[in-house]
Amino acid sequence: MSRSFTAPKGTFDLIPPESATFLRVRDAFAAGPKLAGYGYVETPIFEDTALIHRGVGESTDIVTKETYTFTDRGGRSLTLRPEATASVVRAALEHGLHRGQLPVKLWYSGSFFRYERPQSGRYRHFSQVGAEALGATDASLDAELVWLAAEAYRRLGLGGCRLLLNSLGDPQCRPAYRQRLQEFLRGLDLDDDTRGRVDINPLRVLDDKRAEVRKQLHGAPLLADHLCAECQEHYDEVRALLADLGVSYVDDPRLVRGLDYYTRTTFEFVHDGLGAQSAVGGGGRYDGLSSDIGGPSLPSVGWSLGVDRTVLAMRAEGIAVDDAPRCAVFVVPLGDDAHRRMVPVLATLRTAGVSSDMVYGGRGLKGAMKAADRSGARYAVIVGERDLRGDVAQLKDLASGEQVAVPLADLVDNLQEKLT
RNA sequence: GUGGGUGUAGCUCAGCUGGUAGAGCACCUGGUUGUGGUCCAGGGGGUCGUGGGUUCGAGCCCCAUCACUCACCCCA
């Protein structure tokens with residue numbers, strides 16, 4: 001056993017059969033946006049460091065201690081993306097997508113990077129699928145996105161997924177609330193780190209999971225009680241629409257997400273099967289992000305769903321769909337001549353859309369049949385010298401054991417018919 | 001950055017108060033020179049994470065180190 005190289009800390013390889021579940025999750029997440037008019041967008045995996053900092057927020061933990069930042073040979077500071085929203089907005093602005101019809105609806109799927117101590121459900125390299133609707137304040141977009149995500153989890157069969165909903169207000173009402181909250185928090189008995197957070201981003205203190213902190217937060221002022229009329233109306237509208245859509249949710253006035261750009265609607269899908277982590281996906285409205293990064297006002301809403309975490313949740317519920325690759329037909333040639341002859345036949349089968357594999361490396365018949373059996377194929381096509389002389393193949397049903405001789409010329413048609 | 005747990009075969013793990021390495025599964029071969037699953041027999045695979053120490057002798061004890069893992073802060 002030589003262990004010269006291993007996957008870098010906090011990363012993991014996706015290999016069969018488990019990788020099948022990841023593919024299934026990605027497909028399920030992407031299916032909704034595709035059906036709802038979202039176009040596919042793909043942006044670079046690294047961005048100008050300044051974009052990440054301004055997009056995600058200088059005060060966030062992501063920017064202060066979790067970024068992978070490097071200088072390229074041209075002296076530019078680049079950062080591996082820790083999330084996609086800033087990139088998507090940047091791309092939309094750069095290509096003038098916002099000058100056309102609004103909203104601009106986009107979805108993406110890809111890898112993201114945060115430098116953290118890994119643990120269950122938290123990796124340095126992780127995978128998300130996301131959707132963003134740029135350029136509209138319409139509450140029905142908020143509701144549409146939440147519904148799309150809820151629908152994806154439902155279709156994956158996840159029963160233990162709960163939706164938390166909150167409104168974070170806007171520049172009209174949040175500053176006054178923020179000040180009230182700071183006054184309250186400064187009266188508490190907190191450690192130095194948390195005191196620092198009170199100054200920089202007091203809302204996130206509400207999200208602290210430590211019992212000794214939670215205990216003191218009981219009487220804390222909540223933003224839900226301090227929303228301005230416009231924000232309140234928007235939030236009420238989102239909730240009414242979700243009710244109409246049959247999406248159940250829990251109002252969580254303490255829900256604060258880790259990114260600075262959120263305004264108004266904020267939501268998180270949580271699950272208990274991830275270890276200490278709970279969020280499998282989340283999102284919200286970010287009406288100020290575009291202007292934060294130098295663009296025009298472009299009120300927008302979006303989500304991103306964690307592929308890895310969702311897989312963990314599915315495992316916890318016993319609904320993972322791990323599966324090895326499987327072909328319908330497995331070809332077993334006996335001897336070099338037969339092997340030679342079957343290579344193009346195999347190609348013809350595949351061209352005809354019949355998934356098929358064959359035995360390689362000159363194994364004996366017993367070994368070849370064993371390989372056929374383990375491939376999970378429904379039919380084995382056995383061809384030896386005797387068959388070649390008669391231009392036939394032995395077609396064996398691997399479940400029943402029945403075997404018939406079929407003219408080689410009819411093999412593809414025959415199999416296609418049997419398999420439909 | 002802080003704390004706990006674990007490192008023995010490809011995988012899951014046993015290994016007693018220290019006496020020179022094991023099981024199950026997987027893989028390969030044969031029993032059946034043209035037939036898989038079950039069964040039987042055999043086989044390949046390990047510097048016991050690494051380095052040092054104690055000892056006549058270390059997988060086991062001591063020290064260090066690395067890796068993995070879980071948790072805290074925080075987050076998808």
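The sequence lines fix the lettering, A, B, ..., with proteins before strands; numbering per chain opens at 1.
Counting atom types as modelled, A:K396 pairs a side-chain N or O with a base atom of B:U35 as donor and acceptor under 3.5 Å. A donor-acceptor contact under 3.5 angstrom links the side-chain atoms of A:K65 to the base of B:C73. Applying the 3.5 Å distance criterion, the base of B:A71 shares no donor-acceptor pair with the side chain of A:Q277. Judged by atom type and distance alone, A:D373 does not reach the base of B:G37 through any side-chain donor-acceptor pair under 3.5 Å. Not a single donor-acceptor pair, N or O on each side, falls under 3.5 Å between the base of B:A76 and the side chain of A:R122. Residue side chain A:K370 does not reach the base of B:G37 through any donor-acceptor N/O pair under 3.5 Å, judged by distance alone. Counting atom types as modelled, A:Q394 pairs no side-chain N or O with a base atom of B:U35 as donor and acceptor under 3.5 Å. Not a single donor-acceptor pair, N or O on each side, falls under 3.5 Å between the base of B:C74 and the side chain of A:R114.
Taking side-chain N and O atoms only, A:R204 has a distance below 4.0 Å to OP1 or OP2 of B:C75. Within the structure, a side-chain polar atom (N or O) of A:R197 is placed less than 4.0 Å from OP1 or OP2 of B:C74. Taking 4.0 angstrom as the limit, A:R363 places a side-chain polar atom (N or O) nearer than this to OP1 or OP2 of B:C28. Regarding contacts with the backbone of B:C75, every side-chain N or O of A:R309 stays at 4.0 angstrom or more from both OP1 and OP2. At least one side-chain nitrogen or oxygen of A:R374 sits closer than 4.0 Å to the OP1 or OP2 atom of B:C28. Using a 4.0 Å cut-off, some side-chain N or O of A:Q119 falls inside it from OP1 or OP2 of B:A71.
Across the P atoms, B:U12 and B:U54 are found 35 Å apart, a figure rounded to whole Å. B:G43 and B:U47 have their C1' atoms separated by 22 Å, with the value rounded to a whole Å.
A stem is defined here as three or more consecutive Watson-Crick or G-U pairs, each with both distances under 3.5 Å; for RNA chain B these stems are B:1-7 with B:66-72, B:10-13 with B:22-25, B:27-31 with B:39-43, B:49-53 with B:61-65.
Distance from the side chain of A:R386 is smallest for B:G34 among the nucleotides B:A76, B:U35, B:G34. The side chain of A:K9 has B:C68 as its nearest neighbour among B:G3, B:A76, B:C68.
Stacking is not found between A:F112 and the pyrimidine-like six-membered ring of the B:A76 base under the 5.5 Å centre-distance and 30° plane-angle cut-offs.
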